[in-house]
Amino acid sequence: MTLNNNEFPWTPALLQWFEVNQRPMPWRQTSTPYYRWLSEIMLQQTRVDTVIPYFHRFVERFPRVEHLAEASEDEVLKLWEGLGYYSRARNLLKAARVMVAEHQGTFPATEKEALALPGIGPYSAAAVLSMAYGVPLPSVDGNVLRVYARLTALAENVLEPATVKRVQGALKTAMPQHRPGDFNEAMMELGAVICLPVSPLCQNCPIQDHCEAHRQHRVEQLPLRIKKDRTTRHHYLVMYLQNAAGTCVAAQKNPPSGLLGGLWAFPMMEVTADHEDMKALPALAAKEAVARWQITLQQPEAVGRLRHVFSHRHWTMWVVSAVSEELPPACEWLPHAELSVKAFPEVYQKVMRLMDERAASI
DNA sequence: AATGCGGGGGC
DNA sequence: GCCCCAGCATT
């Protein structure tokens, strides 16, 4: 065993606290590399409580990485539906196929090979390698940055990549070499249940005596998170377009990358004005459908307004239903039953729910 | 270094 | 509304 003379004085108290207080999680029961990898991908920018039901569905459908590697992207996206950041699902499938083809169906054991996998960055590589194989690399996520910034009263913007790198370096040299996975999980667990972003529970903190921010009464002011507001606002007309027989709805599969890539969508037209006058919507939709799509709408009706917030953009959607025998570009007719089979992101699930509500009220 | 990329929970 | 969440890929 490698002794680490630079070890943090608070490490033993942290590990002891973690042993007693860690929350049970499905990927902690049987800690296979596959479970650890899958859970870490799902947990990127996503809360534990949100992930758990998705994790159960995935391991039930794909008990081993070999099963996942043989799946279609459509099936993986359907299972991922609603979890967000869909490039994670696309990269998950790619990485599974790499593991089967090049790594004997398991997660590679070196940092270099791990980082070469699609969807694996410094955080996830360190997390999986430390927890599955005991490789002493620090997994630095938002929790760890917050805990470390407070412990050391770090006055740097933790959203700067350079700051993250410095924290990674500091933790790498001082983290325990014998239980790196427990250390990483303990840091994250402390950030998740004690060292909270707002109103942290310092009275319950096992390493409060070692916290410089607490000593300085600056816990609430740290960490520094300075970011620019990049949100943009967009307005759309969303068409719920059915054929004359009423059996199908017009929809399209998004391009394979980009926003909501590979998922399904209803045809939309971006509009500049804010349409406070619902009565003018049907005529506007019909006019724009001719101008942009060269198709004629019958019985256009205003259904309602929806709002959806992404992390970087705000959508206002005016939903219009109509009948047509013609399809907007790149669209196809989906039988109604297919709407629950194809992967639709939350924003279009809202459209479907709105249509269901209208049907129920008529 | 900056930007794009979901959705939800807590306040 | 705002903040933040077990971040990564691309440019």
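Here is how names work: the chains are called A, B, and so on, in the same order as the sequence lines, proteins then strands, and each is numbered from 1.
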Q: Given the side-chain rings of Phe183(A) and Phe18(A), with only the six-membered ring counted for Trp, is the space between their centroids under 6.0 Å?
A: no

Q: When all nucleic acid strands are considered with a 4.0 Å heavy-atom cut-off, which category describes Met131(A): base, sugar-phosphate, or nothing?
A: nothing

Q: Regarding Arg146(A), tell me which of base, sugar-phosphate or nothing describes its non-hydrogen contacts under 4.0 Å with the strands shown.
A: sugar-phosphate

Q: When the C1' atoms of dC4(C) and dG6(B) are considered, how many whole Å apart are they?
A: 13 Å

Q: Once pairs are restricted to Watson-Crick or G-U wobble with both distances under 3.5 Å, how does DNA chain B read as a dot-bracket string, [ ] for crossings and | for other-strand pairs?
A: |||||.|||||

Q: Walking along DNA chain C from 5' to 3', note the first and the last nucleotide with an atom under 4.0 Å from a heavy atom of chain A, and give both.
A: dC4(C) to dA9(C)

Q: Between Lys78(A) and Glu75(A), is there a side-chain N and carboxylate O pair less than 4.0 Å apart?
A: no

Q: Is the distance from the ring center of Trp264(A) to that of Tyr348(A) below 6.0 Å?
A: no

Q: Kindly determine whether Ser72(A) and Asp74(A) satisfy side chain to side chain donor-acceptor pair (under 3.5 Å), including the steps that lead there.
A: CA-CA 5 Å; Ser72(A) 69; Asp74(A) 283 344; 5.5 Å; no

Q: Name each donor-acceptor pair under 3.5 Å that joins a side chain in residues 89-96 of chain A to protein atoms two or more places apart or in another chain, with its distance.
A:
residue, atom, partner, partner atom, Å
Arg90(A), NE, Pro256(A), O, 3.0
Arg90(A), NH1, Gly261(A), O, 2.8
Asn91(A), ND2, Ser87(A), O, 3.3

Q: Who are the ring pair (Phe, Tyr, Trp, His ring centres under 6.0 Å) partners of His103(A), not counting sequence neighbours?
A: none

Q: Can you check whether Trp80(A) and Phe58(A) have ring centres sitting under 6.0 Å from each other?
A: yes

Q: At under 4.0 Å between heavy atoms, how does the protein contact nucleotides 1-11 of chain B? Give one character per nucleotide, 5' to 3', with B, S or -.
A: -SSSBBBBB--

Q: Gln44(A) and Thr46(A): which non-hydrogen atoms are nearest, and at how many Å?
A: O-OG1, 2.9 Å

Q: Within the 4.0 Å heavy-atom criterion, would you say Leu196(A) contacts the bases, only the backbone, or no part of the nucleic acid?
A: nothing

Q: So what does Ser124(A) hit on the nucleic acid, given a heavy-atom distance under 4.0 Å: a base, only sugar-phosphate, or nothing?
A: sugar-phosphate

Q: Using atom types as modelled, flag every donor-acceptor pair under 3.5 Å from a side chain in residues 330-338 of chain A to any protein atom, sequence neighbours excluded.
A:
residue, atom, partner, partner atom, Å
His336(A), ND1, Thr247(A), O, 3.1
His336(A), NE2, Gln242(A), NE2, 2.9

Q: Please tell me whether Phe266(A) and Phe344(A) form a close aromatic pair, meaning their ring centres lie under 6.0 Å apart.
A: yes

Q: Suppose you measure atom P in dA6(C) against the same atom in dG4(B); what distance do you get, rounded to whole Å?
A: 24 Å

Q: Can you name the closest pair of heavy atoms from Pro300(A) and Val320(A) and give their distance?
A: CB-CG1, 4.3 Å

